[in-house]
Amino acid sequence: MGQSETQACPPSAGTTLARATTPVPQPRTPRHVACVMDGNGRWAAQRSLPRTSGHRAAEATVIDVIEAARSAGVEWLSLYAFSTENWRRPGNEVDFLMQLVRRVVRKHAPLLHARGIRCRFLGVADPRIPAALARDFADLMTLTSRNRGMTLTVAFDHGGRSDIVEAARSLIRSGVPADAVNEQNFATHLPFPDTPDVDLVIRTSGEQRISNFMLWQVAYAEWIFPAVLWPDFRATHFVECLHTYQQRNRRFGGVTPHANGAPNRDRHSQQPPHEHRL
């Protein structure tokens, strides 16, 4: 991928999570932010580099965004790292990604845990995932399972349609009568059913597609499509997206606009179901 269409951003905070002070919550902060990390290949192509160089450069962005989200008071952050469709990529690129992700997980696990971040991996069902990588995922989830800071969900080998199909199968196996099925009990059969709906989706590189990402959870999300490519995306860009989100009125199909961040217990009351005023 090439030069971003935005202005040059400040140097990265590096590829290690900084030990910062306690996050200072901001008013009307989205509770759950999800990122479609798009643009690695184009970033590399613009520099006449192999696609793998773009994936390697993306590590600094991931760490920057995790820190920016935590500092802003975001409670849930989801990152789309590898889709079920990404298995169609060239074998050498897939192999590189598996090795890169394992190195990144092992490198940053201690500090993620020290910062109180709970880590989860959404997907991870395909037998082609190396056993060592799957073990690292499981170990990190176990290590951080009792943390009560921000929840970081990495969607890896994830497909939104597959999640919905599996939830339907689980619901059928549980014997729930058809007339008793509703959104609430259906959602309990999704992976990690305690995950709140996504409030804000950020997809970098200017592409404007859902790409089968957390289809159930993004139903009422606000979307922002910055032109900057993922390896160039930094904390400043993330904060700009939060500011843009805070200026929007979320009606949820209603007529009267409600303030962003207003608590809500019922989506049908036309208020955001998962935002909160910090």
Side-chain angles (χ1 to χ4, degrees), residues 32-41 54-55 58-59 61-62 65-66 69 74 76-91 93-102 104-105 108 112 117-142 144-145 150-171 186-205 207-221 223 225 230 233 274:
H32 187 177
V33 178
C35 297
V36 180
M37 306 184 292
D38 197 11
N40 295 350
H55 298 315
E59 177 186 350
T61 301
V62 169
V65 167
I66 292 172
V74 172
W76 298 73
L77 176 68
S78 297
L79 303 177
Y80 202 5
F82 191 86
S83 73
T84 51
E85 292 78 19
N86 288 153
W87 290 108
R88 303 170 188 167
R89 294 187 176 186
E93 182 179 352
V94 171
D95 291 343
F96 176 86
L97 284 168
M98 298 296 159
Q99 296 168 12
L100 175 65
V101 170
R102 187 176 188 216
V104 170
V105 167
H108 296 291
L112 288 168
I117 296 173
R118 178 174 59 168
C119 300
R120 291 174 166 181
F121 294 88
L122 178 63
V124 199
D126 197 292
R128 289 173 288 184
I129 295 175
L133 178 57
R135 284 196 301 271
D136 286 340
F137 287 166
D139 289 345
L140 183 56
M141 285 193 290
T142 300
T144 63
S145 62
M150 184 177 73
T151 295
L152 171 65
T153 301
V154 178
F156 193 89
D157 181 39
H158 163 71
R161 285 182 173 179
S162 294
D163 282 354
I164 292 172
V165 168
E166 288 303 316
R169 289 172 176 166
S170 174
L171 194 66
F186 184 92
T188 64
H189 292 263
L190 291 165
F192 303 124
D194 61 330
T195 302
D197 283 356
V198 176
D199 299 303
L200 170 63
V201 181
I202 301 168
R203 179 170 187 145
T204 56
S205 84
E207 298 289 344
Q208 300 185 16
R209 297 187 300 275
I210 298 176
S211 295
N212 200 20
F213 179 44
M214 299 183 78
L215 295 179
W216 182 273
Q217 295 87 348
V218 303
Y220 284 89
W223 288 73
F225 303 101
W230 181 255
F233 192 79
H274 293 299

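- Not one N or O on the side chain of T204 forms a donor-acceptor pair closer than 3.5 Å with the backbone of M37.
- In terms of heavy atoms, C119 sits closest to L112 at SG-CD1, 4.0 Å.
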Inset, instruction - Report the C-alpha separation of D163 and F192 in whole Å, then their side-chain angles, then the decisive distance to 0.1 Å, and conclude whether the side-chain contact (heavy atoms from CB on, under 4.5 Å) test is met. - result: CA-CA 11 Å; D163 282 354; F192 303 124; over 6 Å; no
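- Relative orientation of the F82 and W87 rings is perpendicular, given thresholds of 30° and 60° on the angle between their planes.
- Residues N212 and E85 come closest through the heavy atom pair ND2-OE2, 3.2 Å.
- If you check the side chains of R118 and T151, you find a donor sitting under 3.5 Å from an acceptor.
- Using bins of under 30°, 30° to 60° and over 60° for the plane-to-plane angle, the ring pair Y80/H158 lands in the perpendicular bin.
- Not counting sequence neighbours, the partners of S170 by the side-chain hydrogen bond (donor to acceptor under 3.5 Å, both in side chains) test are H189.
- Using a 4.5 Å heavy-atom cutoff, the side chains of T144 and I117 are not in contact.
- Looking at every heavy atom in both residues, I164 comes nearest to W216 through CD1-N, 4.3 Å.
- Crowding of R161 atom CZ: a count of heavy atoms from other residues, nucleotides or ligands under 6.0 Å not exceeding 12.
- The local environment of CZ in R128 is crowded, with over 12 non-hydrogen atoms from other residues, nucleotides or ligands closer than 6.0 Å.
- Inter-residue side-chain proximity for L140 and F121 is flagged as met; some heavy-atom pair is nearer than 4.5 Å.
- In this structure the side chain of L122 reaches within 4.5 angstrom of the side chain of M214, judged on heavy atoms.
- R120 is listed as a side-chain neighbour of W76, based on a closest heavy-atom distance under 4.5 Å.
- Between the side chains of N86 and S83, at least one donor-acceptor pair of N or O atoms lies under 3.5 Å.
- A donor-acceptor pair under 3.5 Å links the side-chain atoms of D157 to the main chain of A125, judged by distance alone.
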